[in-house]
Amino acid sequence: MKDVQAIEEQPRGKSGEEQVPSSSNSAKELYTSAEQQTEPTFANGVRDGIPTLLGYISIGLAAGIVGAASHLSVVEVGLMSLLVYAGAAQFIICAMLVVHTPISAIILTTFIVNLRNFLLSATLAPHFTRYSLLRNMGIGLLVTDESFGVAAGRIAQGKSLNDRWMNGLNLTAYASWIVSCVVGAMFGSWIADPEQLGMDYALTGMFVALLVLQLGHLASEKLKHYLRLMVYMVIAMLLLSLVVSSQLAVIIATVIVATIGVVTEK
Amino acid sequence: MTIQWTTLMVIIGCALVTMIPRVLPFIVVRNLNLPESVLKWLSYIPVCILTALVVESLLIQNEDSLQIDWQAVIVFIPTLVIAIKTRSLSITVIAGVIMMALVRYFF
């Protein structure tokens with residue numbers, strides 16, 4: 001845990017030193033010890049998750065509609081969102097079930113599509129080592145791209161993470177996902193196409209905002225380093241997407257460029 | 001209101017292979033002191049993976065071709081500006097959705 005804090009403090013030290021510790025309006029940029037000590041609550045986690053809900057609701061409705069269109073019952077759609085709980089994978093599972101793909105092939109594809117969760121969990125896990133195994137597993141089971149993004153944003157701001165806040169964030173997302181999927185499956189034919197309303201773009205908008213929030217707290221030298229890495233990411237994604245599935249490209253590009261990040265770090 | 005045997009098997013199998021990568025790091029990291037280089041590497045993951053997810057959402061990958069989703073790219077630019085200006089997740093998401101709806105309506 002000490003190692004994690006040491007790493008977090010590097011960017012903090014640079015941008016924070018010049019600031020006057022007593023000015024409260026600079027709280028957003030400044031990481032005073034008081035800020036670190038405030039323990040966020042479950043309700044804080046729920047509140048921090050609210051901006052991501054539009055993404056869950058729109059994609060969840062769409063996943064429900066696709067499920068129903070793929071001849072899945074409402075119970076099956078509900079069970080899938082309850083147990084698999086993954087956006088892209090659920091669409092792919094439905095598409096593969098329709099064309100009677102062998103079970104083993106569906107499971108293997110889902111494994112590859114969701115493998116990036118390993119990177120998300122590995123990034124968050126060091127911040128929760130002080131909790132019991134069961135608590136850790138509970139947190140890990142519900143990590144998604146969005147909840148990871150919000151939590152990583154909190155880390156980038158130098159704020160502390162705790163189990164209650166993370167559970168508030170995760171459970172808000174989980175509940176809204178299941179409800180949206182089931183509603184989509186039940187009333188799919190009556191709901192206007194969420195894509196026509198631009199609602200699928202909620203996901204892109206969310207990732208863009210989470211990315212900007214990540215970069216907003218960096219000193220300029222560090223920011224340049226990150227911007228270079230982002231250019232490498234775009235190139236790696238374009239090249240890899242030509243040869244492998246885009247989900248696999250996400251994992252491979254991230255592993256390569258994060259390594260470049262460590263090696264080229266000053 | 002039925003559950004087919006095949007569908008149930010698929011759901012359970014897919015749930016297991018999704019849970020393993022989600023939970024495994026949380027189990028392993030608890031009993032392991034990660035070296036600083038690994039923690040440093042992990043600190044690059046958020047920016048890298050979020051960039052990857054943005055790029056992925058701007059691409060259309062078909063079985064044998066890769067295309068750029070120009071509508072999404074056109075909306076991406078003002079979305080990025082709004083995200084930088086407002087630093088707000090909610091405003092960016094809502095503005096992005098409205099702009100995408102307008103683009104799809106007019107083009």
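In this text, all values refer to a predicted model and were calculated from it rather than measured experimentally. The chains referred to below are lettered A, B, ... by the order of the sequence lines, with proteins before strands, and numbering in each begins at 1.
Put simply, the side chain of A:L79 reaches to within 4.5 Å of the side chain of B:L8, judged on heavy atoms. A:L203 is not listed as a side-chain neighbour of B:S57, based on a closest heavy-atom distance of 4.5 Å or more. The shortest side-chain heavy-atom distance between B:T6 and A:I103 falls under the 4.5 Å cut-off. Using a 4.5 Å heavy-atom threshold, the side chains of B:C48 and A:Y232 count as separate. B:L59 is listed as a side-chain neighbour of A:L238, based on a closest heavy-atom distance under 4.5 Å.
Within the 4.5 angstrom heavy-atom criterion, atoms from both the backbone and the side chain of B:I49 approach chain A. Only the side chain of B:L58 comes within contact range of chain A, with at least one heavy atom under 4.5 Å from a heavy atom of that chain. For B:L24, the part sitting under 4.5 Å from any heavy atom of chain A is the side chain, from C-beta outward, and nothing else. Neither the backbone nor the side chain of B:Q71 comes within less than 4.5 Å of any heavy atom of chain A. Heavy-atom distances place no part of B:V28 under 4.5 Å from chain A, backbone and side chain included.
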side-chain contact (heavy atoms from CB on, under 4.5 Å), that's the test. Do B:L53 and A:R116 meet it? Break it down for me.
CA-CA 11 Å; B:L53 292 171; A:R116 72 173 182 289; 4.3 Å; yes

Hey, mind stepping through A:D200 and B:R104 against side-chain contact (heavy atoms from CB on, under 4.5 Å) and telling me if it holds?
CA-CA 12 Å; A:D200 56 314; B:R104 288 212 179 112; 2.9 Å; yes

List the steps, then state whether side-chain contact (heavy atoms from CB on, under 4.5 Å) holds for B:F26 with A:L124.
CA-CA 8 Å; B:F26 279 89; A:L124 294 184; 4.1 Å; yes

Run the side-chain contact (heavy atoms from CB on, under 4.5 Å) test on A:L97 and B:V10 for me, step by step, so that the C-alpha distance in whole Å, both residues' side-chain angles and the decisive distance to 0.1 Å come before the verdict.
CA-CA 9 Å; A:L97 275 172; B:V10 167; 3.9 Å; yes

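Side-chain contact of A:S241 with B:Q61: a donor-acceptor pair under 3.5 Å is absent, judged by distance alone.
Considering CE of A:M233 and CG of B:L50, their distance stands at 9.5 Å, rounded to 0.5 Å.
Residues B:P21 and A:L115 approach most closely at CB-O, 4.3 Å, considering heavy atoms. Across all non-hydrogen atoms, the minimal contact from A:V255 to B:W41 is O-NE1, 3.7 Å. Between A:V143 and B:R22 the shortest heavy-atom distance is O-NE, 2.9 Å. In plain terms, the two heavy atoms of A:G205 and B:T92 that are nearest each other are O-CG2, 3.6 Å. Closest heavy-atom contact between A:T110 and B:C14: OG1-SG, 3.2 Å. For the pair A:L242 and B:L66, the tightest heavy-atom approach, listed with the atom from each and the gap, is CD2-CD2, 3.7 Å.
Although no hydrogens or angles enter the test, the distance criterion places a donor-acceptor pair under 3.5 Å between the side chain of B:R30 and the main chain of A:Y131. Judged purely by atom type and a 3.5 angstrom limit, A:Y201 has no side-chain atom pairing as donor or acceptor with the backbone of B:A101.
Chain B forms the most heavy-atom pairs under 4.5 Å with one residue out of A:S104, A:A253, A:S246, and that residue is A:S246.
A perpendicular orientation is assigned to the rings of B:Y44 and A:H225, their planes being inclined by more than 60° (bins at 30° and 60°).
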